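In this text the structure is predicted, and so the values were computed from the model without any measurement. We count residues from 1, following the sequence as given.
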Amino acid sequence: MKVHYINIFLGSILLLATSSCAKMEFINPTATNSNITSLTAYFTSGTYSGKEVAKYAITDSNMTDYVIPIPWYYPEESDSTTAKYMNSMKIVAKIENNCKIDPPITVLDLTKKNKFTFTNPEGSQKDITISGEMTKSNECAIKSFIASPGDLSGVIDENSKTISLVSVADLSEMTAEATLSPHATISPDPSKTHNFNSGFQFKVIADNGKDSAIYTVKKQIPNKLQNGYRNGSETKLFSNDMTTLGVTNPNNIHPTLASIENYVILNLGNGSSPQYFKIATGTRIGTINLGSANATGAITSDNSGNMLICNYAPNGSMLKIYKTSSVSETPTLFISYKNTLGVGLGSRLHIQGDLNKNAIIIATVDNSTNCIRWIISDGKIGNPENITFSGISAWGGQDNNAKVIACSSQLSDGCFFDYYQGGKCTLYYSNNWNNATEQITGDSNGNGWGYNTAAIDSRDFNHKKYFSIFEMGYWPDWGLPGHLFLYDASSISSLTGAIDTSSALKYSFKVDDDYGTVGYASDGRFGDVLIKSSSDGYFMYIFYTSNTHLSFGGIQVDCIDK
């Protein structure tokens, strides 16, 4: 039995295109009862017009008075309430086939009880009402905890509500900065002096004033797994809508990522200053002071707290790469390179290693089979090397870009690269920086034509190597959403098979579609992914972004032995 939707727009009909670019029709799972199974509310005006604001799952088949809980704030972390939208929201009801709602649902005033008649497949009828209620959040979690002096980042075990400060020092006179669930409050004030040597407690109260949680902060060293991360620890940290970050035209940006200190940095690639956010919550804090740097190109970061920022250099111009180790310090010029390659350079940067010791920097050349490589030994930058990969076609088709990354700071470990290649979406590995072998291929369902996998990263975490691909969907509203994939890359030979079924696949995540009223990039489509380990070694973060979904988000895993 199919499930169908009652759409809010009376008399509107969506016709599927019959050309080769037709949108796909997806059939939803069969409903389990002759009833309304969910009600979803959407904004109909303003910045977020067309975006889902709330989905109300319904399990009581005897219900007749449906009250949709609408978040008090939107976005959740903002101070903007949903009050002005309540009297005009689009509502979509999910019901079983052969059920009917009369009159058809239109844009509703959720401050009122809107009356309808529901008819089930047997012809039985009941009178129902649909309304909404602004609801304050019941979330009451500590998302991050940093104690001073020493900037000790607390290891949070959400299950036991404990926060471990990994230190052997005296923590009897400490202050802290706690990042909470949006609009939650904490007592006592962590910014006051407290003794964290043994079991100091904080109470977090949710915005609704009812739900609460008590966290215990203490000096201890949690047990780690012998290697790798803990299965089941995958947690979505945040998903930011980039239209709230100043994006009005997705075709004018090519976003890239970096992470230093306790921040993740997003560069839009349009010359505006890169923005930095709290890792744990995605809360925007500020912008990088560029100084003389130009952020029309890419940003990236190494494994030791250093970030690079570069301009986009067309043929005949100078590529300038700037370096910084703090979001508050002005970057300084690190590398200059005259681009005489005949094509553009600077849209992709990657570092493996430590810029102050040993590292490999890669700038992928557009529309080519090349990259420029710098090897850093004992903190000294070597001469630029123009690397050419043989036996492959140029990434000069869809979107003209690829991403080349070193597997480690050791040259002998080789490199990975990935690009569109007519929908083949193949990950390549080259152990000699010349010839390459095919590793992971496109989706098992044959939909590689609708994705670009030229966003990759690989890092070590807790004695294991991990590899990530952000599969950017070209047409997310056609049923081709983006996906974040995380693989165990301890053995290169295991990175085989389809992107979504490889035996090395550890975790996958479907990316939200946040493009809203500004649409998504129609050409020059671009995405990035970044893996970062926390300084204490307990957490690994995977951040992603693209100019089609206009999402910027993060996932967290841990290696705590529970």
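- Put simply, the side chain of Leu237 does not reach to within 4.5 Å of the side chain of Lys143, judged on heavy atoms.
- Looking only at atom types and distance, the side chain of Ser273 has no donor-acceptor partner in the side chain of Gln275 under 3.5 Å away.
- A donor-acceptor contact closer than 3.5 angstrom links the side chains of Asn303 and Arg459.
- With His549 as the fixed residue, the side chain to side chain contact (heavy atoms under 4.5 Å, CB included) test singles out one of Pro250, Pro476, Ser239: Pro476.
- Considering every non-hydrogen atom in both Gly346 and Leu319, the closest pair reads CA-CD1, 3.9 Å.
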**Request:** Give the C-alpha distance, both sets of side-chain angles, the deciding distance and a yes or no for salt bridge (charged side-chain N to carboxylate O under 4.0 Å, His left out) between Glu438 and Lys424.
**Result:** CA-CA 11 Å; Glu438 295 186 2; Lys424 192 175 180 180; 2.6 Å; yes
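- In this model, no donor atom of one side chain and acceptor atom of the other lie less than 3.5 Å apart for Thr287 and Asn289.
- Of the possible polar contacts, one joining the Asn401 side chain to the Asp399 backbone as a donor-acceptor pair under 3.5 Å is found.
- Cys415 contributes atom SG, which lies 8.0 Å from atom CZ of Arg373 (distance to the nearest 0.5 angstrom).
- A salt bridge does not link Asp457 to Lys403: none of the charged side-chain nitrogens sits closer than 4.0 Å to a carboxylate oxygen.
- In summary, Asp488 and Lys506 do not engage in a salt bridge, as defined by a charged side-chain N under 4.0 Å from a carboxylate O.
- Judged by distance alone, the side chain of Asn267 and the main-chain N or O of Gly297 form a donor-acceptor pair under 3.5 Å.
- Rounding to the nearest 0.5 angstrom, the gap separating the CD1 atom in Ile360 from the CD1 atom in Ile376 is 10.0 Å.
- Proximity of a side-chain donor or acceptor of Tyr487 to a complementary backbone N or O of Ile499 within less than 3.5 Å is detected.
- In the model, Ser444 has a side-chain atom that pairs as donor or acceptor with a side-chain atom of Asp500 under 3.5 Å.
- Ile362 approaches Val404 most closely through the heavy-atom pair CG2-O, 3.4 Å.
- Remark: the Lys323 side chain and the Asn356 side chain contain an N/O donor-acceptor pair separated by less than 3.5 Å.
- Judged by distance alone, the side chain of Gln352 and the main-chain N or O of Ser458 form a donor-acceptor pair under 3.5 Å.
- Contact check on Asp561 versus Lys224 returns no salt bridge, with no Lys/Arg side-chain nitrogen under 4.0 Å from an Asp/Glu carboxylate oxygen.
- A donor atom on one side chain and an acceptor atom on the other are not found under 3.5 Å apart for Asn311 and Thr296.
- Distance alone, capped at 3.5 Å, is enough to place a donor-acceptor pair between the Asp528 side chain and the Leu257 backbone.
- When the shell of 6.0 Å around NZ of Lys51 is examined, it contains more than 12 heavy atoms from other residues, nucleotides or ligands.
- A perpendicular orientation is assigned to the rings of Tyr520 and Tyr515, their planes being inclined by more than 60° (bins at 30° and 60°).
- Side-chain N or O atoms of Asp536 include none that pairs as donor or acceptor with a backbone N or O of Gly154 at under 3.5 Å.
- Figure legend: Arg348 and Phe526 shown as a cation-pi pair, the cationic atom lying under 6.0 angstrom from the six-membered ring centre and within 45 degrees of its axis.
- Distance alone, capped at 3.5 Å, places no donor-acceptor pair between the Tyr507 side chain and the Gly232 backbone.
- Remark: side-chain polar atoms of Asp302 are paired, donor with acceptor, to backbone N or O of Leu355 under 3.5 angstrom.
- Taking a 6.0 Å sphere around CG of Asn231, one finds it holds more than 12 heavy atoms contributed by other residues, nucleotides or ligands.
- With no hydrogens or angles considered, a side-chain donor-acceptor pair links Thr243 and Asp241 at under 3.5 Å.
- Side-chain contact of Thr388 with Asn370: a donor-acceptor pair under 3.5 Å is present, judged by distance alone.
- Donor-acceptor pairing under 3.5 Å is recorded for the side chains of Asn435 and Ser390.
- Residue Phe416 is tested with Phe389, Trp433, Tyr428, Phe467 for a ring pair (Phe, Tyr, Trp, His ring centres under 6.0 Å); the sole match is Phe467.
- For an aromatic pair to be called close, the ring centres must be under 6.0 Å apart, and Tyr229 with Tyr466 satisfies this.
- Neither side chain, Asn262 nor Ser144, offers a donor N or O lying under 3.5 Å from an acceptor on the other.
- Checked options Phe277, Tyr276, Phe543; the residue passing with Phe552 is Phe277 (criterion: ring pair (Phe, Tyr, Trp, His ring centres under 6.0 Å)).
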**Item:** Intermediate values then yes/no, side-chain hydrogen bond (donor to acceptor under 3.5 Å, both in side chains), Ser551 and Asn240
**Value:** CA-CA 6 Å; Ser551 290; Asn240 287 346; over 6 Å; no
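- Interatomic distance, Leu486 CG to Met540 CE, rounded to the nearest 0.5 Å: 4.5 Å.
- Remark: aromatic rings of Tyr474 and Tyr420 are close, center separation under 6.0 Å.
- The environment of NZ in Lys562 is crowded: more than 12 heavy-atom neighbours from other residues, nucleotides or ligands sit within 6.0 Å.
- The two residues Ala498 and Gly442 make their nearest non-hydrogen contact at CB-O, 3.4 Å.
- When atom types are taken as modelled, the side chain of Asn339 and the backbone of Ala313 share a donor-acceptor pair closer than 3.5 angstrom.
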**Intermediate values then yes/no, side-chain hydrogen bond (donor to acceptor under 3.5 Å, both in side chains), Asp151 and Ser153** = CA-CA 6 Å; Asp151 287 339; Ser153 183; over 6 Å; no
